[in-house]
Amino acid sequence: MAGKVGNMENEEKKPLLAIVGPTATGKSAVAVELASMIGGEVVSADSVQVYRGLDIGSGKISKDEMVASDGERIRHHLLDVVSPTEHYSIARYQEEAGAAVADIHRRGKIPILCGGSGLYIHSLVNVSYRLGKEERNTAFRDALKGEARKNGLQTLYQRLQREAPSLAAKIHPNDERRIIRGLEKSEKGEKTAAVPNWDSPFSLAIFGLYLPRPALYSRIEGRVDKMIELGLVAEVRRLLEEGIVPEAQSLTALGYKEIIPHVRGECDLKEAVRTLKQNTRHFAKRQITWFMRDPRIVWLQMDRLLAAGSGGVAEEITRILPQYRQEILLTQRIL
RNA sequence: GGCGCCAUAGCCAAGUGGUAAGGCAGAGGACUGCAAAUCCUUUAUUCUCCAGUUCAAAUCUGGAUGGCGCCU
(Lines give C-alpha, C1' and ligand atoms only; values in the text may rest on other atoms or scores of the structure.)
Protein backbone atom coordinates (compact mmCIF):
# COMPACT_ATOMS: atom_id res chain seq x y z
CA MET A 1 0.00 0.00 0.00
CA ALA A 2 2.69 2.43 1.03
CA GLY A 3 4.66 1.47 -2.06
CA LYS A 4 1.67 2.17 -4.20
CA VAL A 5 1.25 5.60 -2.74
CA GLY A 6 4.89 6.32 -3.42
CA ASN A 7 4.40 5.29 -7.03
CA MET A 8 1.39 7.46 -7.40
CA GLU A 9 3.34 10.36 -6.11
CA ASN A 10 5.95 9.73 -8.69
CA GLU A 11 3.33 9.61 -11.41
CA GLU A 12 1.99 12.92 -10.28
CA LYS A 13 5.26 14.73 -10.23
CA LYS A 14 5.20 17.51 -12.74
CA PRO A 15 8.13 17.99 -15.06
CA LEU A 16 10.71 20.69 -14.50
CA LEU A 17 13.79 21.25 -16.61
CA ALA A 18 16.73 23.31 -15.51
CA ILE A 19 19.62 24.83 -17.39
CA VAL A 20 22.43 25.64 -15.01
CA GLY A 21 26.14 26.34 -15.09
CA PRO A 22 28.62 29.11 -14.54
CA THR A 23 28.18 32.56 -15.97
CA ALA A 24 28.88 33.22 -19.65
CA THR A 25 28.19 29.72 -20.90
CA GLY A 26 25.12 30.75 -22.89
CA LYS A 27 22.34 29.43 -20.65
CA SER A 28 19.75 32.04 -21.61
CA ALA A 29 19.91 31.39 -25.33
CA VAL A 30 19.77 27.62 -24.84
CA ALA A 31 16.72 27.97 -22.59
CA VAL A 32 14.89 30.04 -25.19
CA GLU A 33 15.51 27.51 -27.95
CA LEU A 34 14.61 24.62 -25.72
CA ALA A 35 11.40 26.35 -24.62
CA SER A 36 10.24 26.78 -28.17
CA MET A 37 11.01 23.13 -28.97
CA ILE A 38 9.15 21.58 -26.06
CA GLY A 39 6.50 24.18 -25.26
CA GLY A 40 8.15 25.72 -22.25
CA GLU A 41 8.46 28.98 -20.41
CA VAL A 42 11.60 30.24 -18.73
CA VAL A 43 11.85 30.84 -15.01
CA SER A 44 14.96 32.83 -14.20
CA ALA A 45 17.05 31.62 -11.27
CA ASP A 46 19.22 34.65 -10.87
CA SER A 47 19.63 36.72 -7.75
CA VAL A 48 20.50 39.91 -9.61
CA GLN A 49 18.21 39.77 -12.62
CA VAL A 50 15.24 40.09 -10.27
CA TYR A 51 16.14 43.77 -10.00
CA ARG A 52 14.57 46.29 -12.31
CA GLY A 53 17.10 48.46 -14.08
CA LEU A 54 20.04 46.13 -13.54
CA ASP A 55 20.12 44.94 -17.12
CA ILE A 56 23.53 45.15 -18.73
CA GLY A 57 25.62 44.25 -15.71
CA SER A 58 23.43 41.33 -14.74
CA GLY A 59 23.52 39.92 -18.25
CA LYS A 60 19.75 40.03 -18.43
CA ILE A 61 18.20 38.72 -21.60
CA SER A 62 16.78 41.43 -23.87
CA LYS A 63 13.30 41.42 -25.40
CA ASP A 64 14.80 40.55 -28.78
CA GLU A 65 16.71 37.64 -27.37
CA MET A 66 13.52 36.16 -25.95
CA VAL A 67 12.45 35.29 -29.48
CA ALA A 68 13.51 31.79 -30.53
CA SER A 69 14.97 31.10 -33.93
CA ASP A 70 11.56 29.88 -35.15
CA GLY A 71 10.07 33.26 -34.29
CA GLU A 72 8.25 32.25 -31.14
CA ARG A 73 8.43 34.68 -28.27
CA ILE A 74 9.25 32.87 -25.02
CA ARG A 75 7.73 34.09 -21.81
CA HIS A 76 10.17 34.79 -18.97
CA HIS A 77 9.37 34.84 -15.27
CA LEU A 78 11.14 36.28 -12.23
CA LEU A 79 12.92 39.04 -14.13
CA ASP A 80 12.43 42.64 -12.96
CA VAL A 81 10.30 41.75 -9.98
CA VAL A 82 11.81 44.19 -7.46
CA SER A 83 13.14 47.71 -7.27
CA PRO A 84 16.90 48.00 -6.74
CA THR A 85 16.22 49.71 -3.44
CA GLU A 86 14.60 46.59 -2.07
CA HIS A 87 16.07 43.63 -0.33
CA TYR A 88 15.45 40.35 -2.06
CA SER A 89 15.91 36.97 -0.47
CA ILE A 90 15.83 33.31 -1.17
CA ALA A 91 12.59 32.98 0.76
CA ARG A 92 10.89 35.43 -1.54
CA TYR A 93 12.37 33.72 -4.52
CA GLN A 94 11.13 30.36 -3.40
CA GLU A 95 7.64 31.69 -3.03
CA GLU A 96 7.48 33.71 -6.23
CA ALA A 97 9.29 31.26 -8.47
CA GLY A 98 7.23 28.43 -7.00
CA ALA A 99 4.07 30.33 -7.93
CA ALA A 100 5.38 30.92 -11.45
CA VAL A 101 6.16 27.23 -11.88
CA ALA A 102 2.71 26.22 -10.64
CA ASP A 103 1.14 28.68 -13.03
CA ILE A 104 3.11 27.31 -15.97
CA HIS A 105 2.08 23.77 -15.10
CA ARG A 106 -1.54 24.84 -14.80
CA ARG A 107 -1.39 26.11 -18.35
CA GLY A 108 0.02 22.81 -19.52
CA LYS A 109 3.48 24.07 -20.30
CA ILE A 110 6.89 23.02 -19.07
CA PRO A 111 8.86 25.31 -16.79
CA ILE A 112 12.52 25.70 -17.68
CA LEU A 113 14.52 26.98 -14.77
CA CYS A 114 17.51 28.90 -16.06
CA GLY A 115 20.20 30.63 -14.10
CA GLY A 116 23.39 30.54 -12.14
CA SER A 117 22.28 31.21 -8.57
CA GLY A 118 22.80 27.75 -7.16
CA LEU A 119 21.06 28.34 -3.87
CA TYR A 120 17.99 29.74 -5.61
CA ILE A 121 17.80 26.65 -7.77
CA HIS A 122 18.09 24.35 -4.79
CA SER A 123 15.42 26.27 -2.91
CA LEU A 124 12.98 25.57 -5.69
CA VAL A 125 13.96 22.11 -6.73
CA ASN A 126 14.78 20.31 -3.48
CA VAL A 127 12.16 19.26 -0.95
CA SER A 128 14.50 19.83 1.96
CA TYR A 129 14.55 23.58 1.27
CA ARG A 130 10.95 24.35 2.18
CA LEU A 131 11.19 27.66 3.96
CA GLY A 132 8.51 29.13 6.16
CA LYS A 133 7.24 32.65 6.28
CA GLU A 134 9.68 34.52 8.40
CA GLU A 135 10.78 38.08 8.24
CA ARG A 136 14.46 38.61 8.52
CA ASN A 137 15.24 40.44 11.67
CA THR A 138 17.51 43.31 10.71
CA ALA A 139 17.69 44.75 14.20
CA PHE A 140 18.75 41.41 15.64
CA ARG A 141 21.42 40.98 12.98
CA ASP A 142 22.73 44.50 13.43
CA ALA A 143 22.94 44.02 17.16
CA LEU A 144 24.96 40.85 16.70
CA LYS A 145 27.20 42.56 14.17
CA GLY A 146 27.89 45.30 16.64
CA GLU A 147 28.66 42.78 19.31
CA ALA A 148 31.06 40.98 17.00
CA ARG A 149 32.90 44.20 16.35
CA LYS A 150 33.11 45.00 20.02
CA ASN A 151 33.88 41.66 21.63
CA GLY A 152 35.25 39.76 18.68
CA LEU A 153 33.64 37.15 16.51
CA GLN A 154 34.75 34.33 18.78
CA THR A 155 32.30 35.49 21.42
CA LEU A 156 29.43 35.00 19.01
CA TYR A 157 30.75 31.69 17.82
CA GLN A 158 31.12 30.43 21.36
CA ARG A 159 27.59 31.51 22.06
CA LEU A 160 26.38 29.57 19.05
CA GLN A 161 28.37 26.55 20.20
CA ARG A 162 26.58 26.74 23.54
CA GLU A 163 23.12 27.37 22.16
CA ALA A 164 23.13 25.15 19.10
CA PRO A 165 26.22 22.95 18.93
CA SER A 166 25.10 21.01 15.89
CA LEU A 167 24.65 24.24 13.95
CA ALA A 168 27.99 25.59 15.11
CA ALA A 169 29.77 22.43 14.08
CA LYS A 170 28.95 23.16 10.44
CA ILE A 171 30.06 26.77 10.48
CA HIS A 172 33.61 28.05 10.34
CA PRO A 173 34.52 30.34 13.28
CA ASN A 174 35.41 33.13 10.83
CA ASP A 175 32.18 33.05 8.90
CA GLU A 176 30.41 35.97 10.51
CA ARG A 177 27.40 35.87 8.26
CA ARG A 178 26.60 32.25 8.96
CA ILE A 179 27.31 32.56 12.67
CA ILE A 180 24.78 35.37 12.88
CA ARG A 181 22.25 33.43 10.88
CA GLY A 182 22.88 30.44 13.13
CA LEU A 183 22.14 32.53 16.20
CA GLU A 184 19.04 33.87 14.51
CA LYS A 185 17.86 30.32 13.93
CA SER A 186 18.74 29.31 17.44
CA GLU A 187 16.72 32.25 18.72
CA LYS A 188 13.70 30.85 16.93
CA GLY A 189 14.23 27.42 18.37
CA GLU A 190 15.78 25.88 15.26
CA LYS A 191 18.70 24.18 16.92
CA THR A 192 19.63 21.65 14.28
CA ALA A 193 20.54 21.93 10.65
CA ALA A 194 18.28 20.51 7.96
CA VAL A 195 19.53 17.29 6.51
CA PRO A 196 20.28 17.96 2.88
CA ASN A 197 19.08 15.51 0.29
CA TRP A 198 18.40 15.54 -3.41
CA ASP A 199 14.71 14.64 -3.34
CA SER A 200 12.67 16.85 -5.58
CA PRO A 201 8.98 17.65 -5.73
CA PHE A 202 9.31 17.64 -9.51
CA SER A 203 10.15 15.15 -12.18
CA LEU A 204 13.43 16.83 -12.70
CA ALA A 205 16.03 17.06 -15.42
CA ILE A 206 18.97 19.37 -14.85
CA PHE A 207 21.47 20.16 -17.54
CA GLY A 208 24.75 21.85 -16.81
CA LEU A 209 26.57 23.77 -19.47
CA TYR A 210 30.23 22.93 -19.20
CA LEU A 211 33.19 24.73 -20.73
CA PRO A 212 36.87 24.01 -20.08
CA ARG A 213 38.41 26.66 -17.92
CA PRO A 214 40.41 28.52 -20.60
CA ALA A 215 37.41 28.72 -22.92
CA LEU A 216 35.16 29.83 -20.08
CA TYR A 217 37.58 32.52 -19.02
CA SER A 218 37.92 33.94 -22.49
CA ARG A 219 34.13 34.02 -22.83
CA ILE A 220 33.93 35.88 -19.53
CA GLU A 221 36.39 38.47 -20.78
CA GLY A 222 34.46 38.89 -23.99
CA ARG A 223 31.24 39.23 -22.08
CA VAL A 224 32.59 41.95 -19.81
CA ASP A 225 33.97 43.88 -22.78
CA LYS A 226 30.56 43.60 -24.41
CA MET A 227 28.88 44.98 -21.28
CA ILE A 228 31.11 48.02 -21.38
CA GLU A 229 30.30 48.51 -25.05
CA LEU A 230 26.59 48.28 -24.31
CA GLY A 231 26.91 51.05 -21.76
CA LEU A 232 27.38 49.44 -18.37
CA VAL A 233 29.05 52.56 -17.02
CA ALA A 234 26.04 54.69 -17.98
CA GLU A 235 23.72 52.13 -16.41
CA VAL A 236 25.60 52.27 -13.12
CA ARG A 237 25.71 56.06 -13.22
CA ARG A 238 21.97 56.19 -13.80
CA LEU A 239 21.26 53.86 -10.86
CA LEU A 240 23.37 56.02 -8.58
CA GLU A 241 21.69 59.18 -9.86
CA GLU A 242 18.33 57.62 -9.09
CA GLY A 243 19.47 57.58 -5.51
CA ILE A 244 20.29 53.90 -5.07
CA VAL A 245 22.97 53.76 -2.42
CA PRO A 246 26.08 51.75 -3.23
CA GLU A 247 25.48 49.67 -0.11
CA ALA A 248 22.14 48.43 -1.44
CA GLN A 249 22.02 44.69 -1.94
CA SER A 250 21.41 45.18 -5.65
CA LEU A 251 24.56 47.23 -6.19
CA THR A 252 26.84 44.84 -4.35
CA ALA A 253 26.40 42.53 -7.32
CA LEU A 254 29.17 41.74 -9.72
CA GLY A 255 29.33 44.32 -12.48
CA TYR A 256 28.06 47.08 -10.22
CA LYS A 257 30.35 47.12 -7.22
CA GLU A 258 33.38 47.16 -9.54
CA ILE A 259 32.10 49.97 -11.77
CA ILE A 260 30.92 52.25 -8.97
CA PRO A 261 34.45 53.39 -8.03
CA HIS A 262 35.06 54.34 -11.64
CA VAL A 263 31.81 56.32 -11.86
CA ARG A 264 32.91 58.18 -8.74
CA GLY A 265 36.27 58.89 -10.33
CA GLU A 266 38.21 56.75 -7.91
CA CYS A 267 39.80 54.58 -10.55
CA ASP A 268 40.08 54.47 -14.30
CA LEU A 269 37.93 52.27 -16.48
CA LYS A 270 40.75 49.90 -17.30
CA GLU A 271 41.28 49.12 -13.64
CA ALA A 272 37.56 48.66 -13.02
CA VAL A 273 37.25 46.32 -15.96
CA ARG A 274 40.21 44.31 -14.84
CA THR A 275 38.83 43.68 -11.39
CA LEU A 276 35.39 42.95 -12.80
CA LYS A 277 36.86 40.29 -15.04
CA GLN A 278 38.82 38.83 -12.20
CA ASN A 279 35.87 38.79 -9.80
CA THR A 280 33.74 37.20 -12.47
CA ARG A 281 36.29 34.42 -12.90
CA HIS A 282 36.25 33.83 -9.16
CA PHE A 283 32.48 33.77 -9.21
CA ALA A 284 32.40 31.28 -12.06
CA LYS A 285 34.73 29.05 -10.10
CA ARG A 286 32.40 29.12 -7.09
CA GLN A 287 29.45 28.33 -9.32
CA ILE A 288 31.27 25.34 -10.75
CA THR A 289 32.11 24.04 -7.28
CA TRP A 290 28.50 24.43 -6.27
CA PHE A 291 26.99 22.68 -9.27
CA MET A 292 29.56 19.89 -9.44
CA ARG A 293 28.24 18.66 -6.13
CA ASP A 294 24.78 17.99 -7.51
CA PRO A 295 24.81 14.40 -8.79
CA ARG A 296 21.63 14.92 -10.81
CA ILE A 297 23.18 17.32 -13.27
CA VAL A 298 23.95 16.03 -16.73
CA TRP A 299 26.83 18.04 -18.10
CA LEU A 300 26.89 19.11 -21.72
CA GLN A 301 30.20 19.84 -23.35
CA MET A 302 29.55 23.30 -24.70
CA ASP A 303 32.81 23.65 -26.56
CA ARG A 304 31.72 20.82 -28.83
CA LEU A 305 28.05 21.79 -29.04
CA LEU A 306 28.50 25.51 -29.42
CA ALA A 307 29.66 25.03 -32.97
CA ALA A 308 26.04 24.16 -33.73
CA GLY A 309 24.75 27.26 -31.92
CA SER A 310 22.34 27.39 -28.99
CA GLY A 311 19.74 25.66 -31.15
CA GLY A 312 22.14 22.75 -31.44
CA VAL A 313 22.54 22.57 -27.70
CA ALA A 314 18.77 22.61 -27.19
CA GLU A 315 18.38 19.84 -29.75
CA GLU A 316 20.95 17.74 -27.92
CA ILE A 317 18.95 18.20 -24.73
CA THR A 318 15.69 17.08 -26.31
CA ARG A 319 17.50 14.09 -27.78
CA ILE A 320 18.85 12.83 -24.45
CA LEU A 321 15.89 13.94 -22.38
CA PRO A 322 13.74 10.76 -22.46
CA GLN A 323 16.59 8.53 -21.41
CA TYR A 324 17.77 10.99 -18.83
CA ARG A 325 14.44 11.44 -17.10
CA GLN A 326 14.47 7.78 -16.14
CA GLU A 327 17.94 8.08 -14.74
CA ILE A 328 16.75 10.94 -12.63
CA LEU A 329 13.98 8.90 -11.08
CA LEU A 330 16.50 6.20 -10.25
CA THR A 331 18.92 8.65 -8.71
CA GLN A 332 16.22 10.06 -6.50
CA ARG A 333 15.55 6.63 -5.06
CA ILE A 334 19.21 5.92 -4.44
CA LEU A 335 19.84 9.13 -2.56
C1' G B 1 84.16 53.68 -20.00
C1' G B 2 83.79 55.17 -14.32
C1' C B 3 80.92 55.13 -9.81
C1' G B 4 76.63 53.75 -6.94
C1' C B 5 72.22 50.84 -5.96
C1' C B 6 69.43 46.42 -6.77
C1' A B 7 68.52 40.94 -7.97
C1' U B 8 63.84 36.21 -3.14
C1' A B 9 57.33 32.18 -6.45
C1' G B 10 53.52 34.31 -12.23
C1' C B 11 53.40 39.56 -9.69
C1' C B 12 54.26 42.82 -5.17
C1' A B 13 57.48 41.82 -1.41
C1' A B 14 59.56 40.72 4.40
C1' G B 15 63.87 38.68 6.00
C1' U B 16 70.97 41.63 7.45
C1' G B 17 74.61 34.38 10.01
C1' G B 18 70.62 29.51 12.82
C1' U B 19 67.35 26.34 8.43
C1' A B 20 62.47 31.16 3.39
C1' A B 21 56.75 36.16 6.66
C1' G B 22 52.68 38.30 4.31
C1' G B 23 49.57 40.04 0.18
C1' C B 24 47.80 39.38 -4.89
C1' A B 25 47.17 36.07 -8.94
C1' G B 26 46.60 30.58 -9.72
C1' A B 27 44.45 25.79 -7.88
C1' G B 28 40.98 23.10 -4.65
C1' G B 29 36.81 23.31 -1.29
C1' A B 30 32.43 24.75 1.85
C1' C B 31 27.55 26.67 1.44
C1' U B 32 19.69 25.56 3.75
C1' G B 33 16.36 32.92 4.69
C1' C B 34 22.18 38.85 2.15
C1' A B 35 24.47 33.58 -2.27
C1' A B 36 26.93 37.89 -8.22
C1' A B 37 27.16 37.22 -0.91
C1' U B 38 30.15 34.96 2.91
C1' C B 39 33.99 31.71 4.39
C1' C B 40 38.07 27.88 4.33
C1' U B 41 42.49 25.13 2.40
C1' U B 42 46.79 25.32 -0.63
C1' U B 43 51.49 27.19 -3.60
C1' A B 44 59.77 28.40 -3.26
C1' U B 45 63.81 21.25 -0.61
C1' U B 46 65.39 27.19 -1.86
C1' C B 47 66.64 33.16 -2.57
C1' U B 48 70.21 35.16 -10.65
C1' C B 49 74.91 32.21 -11.40
C1' C B 50 80.05 30.55 -9.91
C1' A B 51 83.73 30.29 -6.23
C1' G B 52 85.18 31.39 -1.11
C1' U B 53 84.72 32.26 4.55
C1' U B 54 81.93 29.56 8.46
C1' C B 55 79.73 24.05 12.46
C1' A B 56 75.92 26.91 9.80
C1' A B 57 74.99 31.72 4.13
C1' A B 58 69.08 34.43 0.98
C1' U B 59 72.07 37.07 4.62
C1' C B 60 79.48 37.96 4.84
C1' U B 61 83.72 38.17 0.74
C1' G B 62 85.39 37.93 -4.50
C1' G B 63 83.92 37.35 -9.47
C1' A B 64 80.24 36.74 -13.55
C1' U B 65 75.45 38.08 -15.55
C1' G B 66 71.11 41.17 -15.80
C1' G B 67 68.38 45.70 -14.40
C1' C B 68 68.12 50.80 -12.60
C1' G B 69 70.41 55.57 -11.51
C1' C B 70 74.28 59.17 -11.76
C1' C B 71 78.90 60.91 -13.98
C1' U B 72 82.27 61.29 -18.32
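Not measured: the values here are computed from a predicted model. Protein chains get the first letters and strands the later ones, always in sequence-line order, with residue 1 at the start of each.
- Panel note: side chain D70(A), backbone E72(A); a donor-acceptor pair is recorded below 3.5 Å.
- Taking side-chain N and O atoms only, K257(A) has no distance below 4.0 Å to OP1 or OP2 of A36(B).
- Between A13(B) and A7(B), the distance separating the two C1' atoms is 13 Å to the nearest Å.
- Going from atom CD1 of I259(A) over to atom P of A36(B) covers 18 Å, rounded to whole Å.
- Nucleotides A9(B) and U59(B) are separated by 15 Å at their P atoms, to the nearest Å.
- Between the side chain of K185(A) and the main chain of A193(A), no donor-acceptor pair closer than 3.5 Å is present.
- Taking all atoms of both residues into account, the shortest heavy-atom contact from V30(A) to I19(A) is CG1-CD1, 4.3 Å.
- Comparing G33(B), U32(B), C34(B) by their closest approach to the side chain of K145(A) singles out C34(B).
- For the segment residues 49-57 of chain A, residues with any heavy atom less than 4.0 angstrom from an atom of RNA chain B are, sorted by number, Q49(A), G57(A).
- Here V127(A) lies out of heavy-atom contact (under 4.0 Å) with every strand.
- Taking the six-membered ring for Trp and thresholds of 30 and 60 degrees, H105(A) and F202(A) have ring planes inclined between 30 and 60 degrees apart.
- Of the two residues contacting RNA chain B, namely Y217(A) and S128(A), the nearest-nucleotide position lying further toward the 5' end is that of Y217(A).
- Here the side chain of R219(A) pairs a donor or acceptor atom with the backbone of A24(A) at under 3.5 angstrom.
- Atom CG in L144(A) sits roughly 13 Å away from atom P in C34(B) (whole-Å rounding).
- Under the 3.5 Å distance criterion, the side-chain polar atoms of T85(A) are left unmatched by any main-chain donor or acceptor of A248(A).
- In this structure, R213(A) reaches the sugar-phosphate backbone alone: every heavy-atom distance under 4.0 Å involves primed, P, OP1 or OP2 atoms, never a base.
- Rounded to whole Å, the distance from CD on Q94(A) to P on G33(B) is 11 Å.
- As a whole-Å value, the separation of D199(A) CG from U32(B) P is 19 Å.
- Listed candidates were A35(B), A36(B), U32(B). Nearest to the side chain of Q249(A) is A35(B).
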Taking only distance into account, with no hydrogens and no angle test, what donor-acceptor pairs under 3.5 Å do side-chain atoms of residues 109-120 of chain A form with protein atoms, sequence neighbours excluded?
| from | atom 1 | to | atom 2 | distance (Å) |
| --- | --- | --- | --- | --- |
| S117(A) | OG | S47(A) | N | 2.9 |

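- Taking atom P on both nucleotides, G33(B) is separated from G23(B) by 29 Å, rounded to a whole Å.
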Based on Watson-Crick and G-U pairs with both distances under 3.5 Å, what dot-bracket line describes RNA chain B 5' to 3', crossing pairs as [ ] and inter-strand pairs as |?
((((((((.[[[..)..(...]]].(((((.......))))).....[[[[[..)....]]]]]))))))).
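- Residues from residues 153-176 of chain A with heavy atoms under 4.0 angstrom of RNA chain B, sorted by number: H172(A), N174(A), D175(A).
- One N or O on the side chain of S200(A) and one on the backbone of V125(A) form a donor-acceptor pair closer than 3.5 Å.
- Using atom C1' as the reference point in both G26(B) and G1(B), the two lie 45 Å apart (nearest Å).
- Spacing between A36(B) and U42(B) at atom P, rounded to whole Å, works out to 26 Å.
- The interatomic distance linking Y88(A) (OH) with A36(B) (P) rounds to 13 Å, in whole Å.
- Atom CZ in R181(A) sits roughly 18 Å away from atom P in C39(B) (whole-Å rounding).
- For the pair P84(A)/L54(A), a side-chain contact is recorded, criterion being any heavy-atom separation below 4.5 Å from C-beta on.
- Close to C34(B), at under 4.0 Å from its OP1 or OP2, lies no side-chain N or O of R92(A).
- Under the 3.5 Å distance criterion, with hydrogens and angles disregarded, no donor-acceptor pair is assigned to the side chains of S83(A) and E86(A).
- A side-chain hydrogen bond (donor to acceptor under 3.5 Å, both in side chains) check over residues 145-159 of chain A, counting only residues at least two apart or in different chains, returns the pairs R159(A)-E163(A).
- For RNA chain B, the neighbouring residues in residues 111-124 of chain A, judged by any heavy atom under 4.0 Å, are G116(A), S117(A), L119(A), Y120(A).
- Within the structure, every pair that satisfies the side-chain hydrogen bond (donor to acceptor under 3.5 Å, both in side chains) test and touches residues 220-235 of chain A, not counting sequence neighbours, is listed here: T23(A)-R223(A), E221(A)-R281(A), D225(A)-K277(A), E235(A)-Y256(A).
- Taking every heavy atom of both residues into account, M37(A) and G311(A) meet most closely at CE-O, 3.6 Å.
- Listed candidates were C34(B), U32(B), A36(B). Nearest to the side chain of S58(A) is A36(B).
- For R130(A), the side chain to side chain contact (heavy atoms under 4.5 Å, CB included) partners at least two apart in sequence or on another chain are Q94(A), P201(A).
- Between the P atoms of C60(B) and G67(B), the separation comes to 23 Å (whole Å).
- Under the 3.5 Å distance criterion, the side-chain polar atoms of E96(A) are left unmatched by any main-chain donor or acceptor of Y93(A).
- When heavy atoms are screened at a 4.0 angstrom cut-off, L131(A) is found touching base atoms of the nucleic acid.
- Side chain of R296(A) to backbone of L204(A): no donor-acceptor contact under 3.5 angstrom is found.
- Between Y129(A) and U32(B), a base-stacking contact is recorded: ring centres under 5.5 Å apart, planes less than 30° from parallel.
- Regarding contacts with the backbone of A36(B), a side-chain N or O of S47(A) is found under 4.0 angstrom from either OP1 or OP2.
- Rounded to the nearest Å, the gap between the C1' atom of G52(B) and that of U45(B) is 24 Å.
- Taking atom P on both U48(B) and G66(B), the two are 16 Å apart, rounded to the nearest angstrom.
- The closest donor-acceptor contact from the side chain of S186(A) to the backbone of G182(A) lies at 3.5 Å or more, if one exists at all.
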Give the table of side-chain donor-acceptor pairs shorter than 3.5 Å for residues 262-273 of chain A, with sequence neighbours excluded, one pair per line with atom names and distance.
| from | atom 1 | to | atom 2 | distance (Å) |
| --- | --- | --- | --- | --- |
| D268(A) | OD1 | E271(A) | N | 2.9 |

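- For M292(A) and A30(B), the CE to P distance is 12 Å, given to the nearest whole Å.
- In this structure, the side chain of Q49(A) engages the main chain of S58(A) through a donor-acceptor pair within 3.5 Å.
- With distances taken from any side-chain atom of D46(A) to the nucleotides A36(B), G33(B), C34(B), the minimum falls on A36(B).
- Remark: side-chain polar atoms of K27(A) are paired, donor with acceptor, to backbone N or O of G21(A) under 3.5 angstrom.
- If you check residues 226-233 of chain A against RNA chain B, you find no residue with a heavy atom closer than 4.0 Å.
- Listed by residue number, Q278(A), R281(A), H282(A), F283(A), K285(A), R286(A), T289(A), W290(A) are the residues of residues 261-290 of chain A with a heavy-atom contact under 4.0 Å to RNA chain B.
- Note on residues 268-294 of chain A: pairs passing ring-ring contact (aromatic ring centres under 6.0 Å, His included), not counting sequence neighbours, are H122(A)-W290(A).
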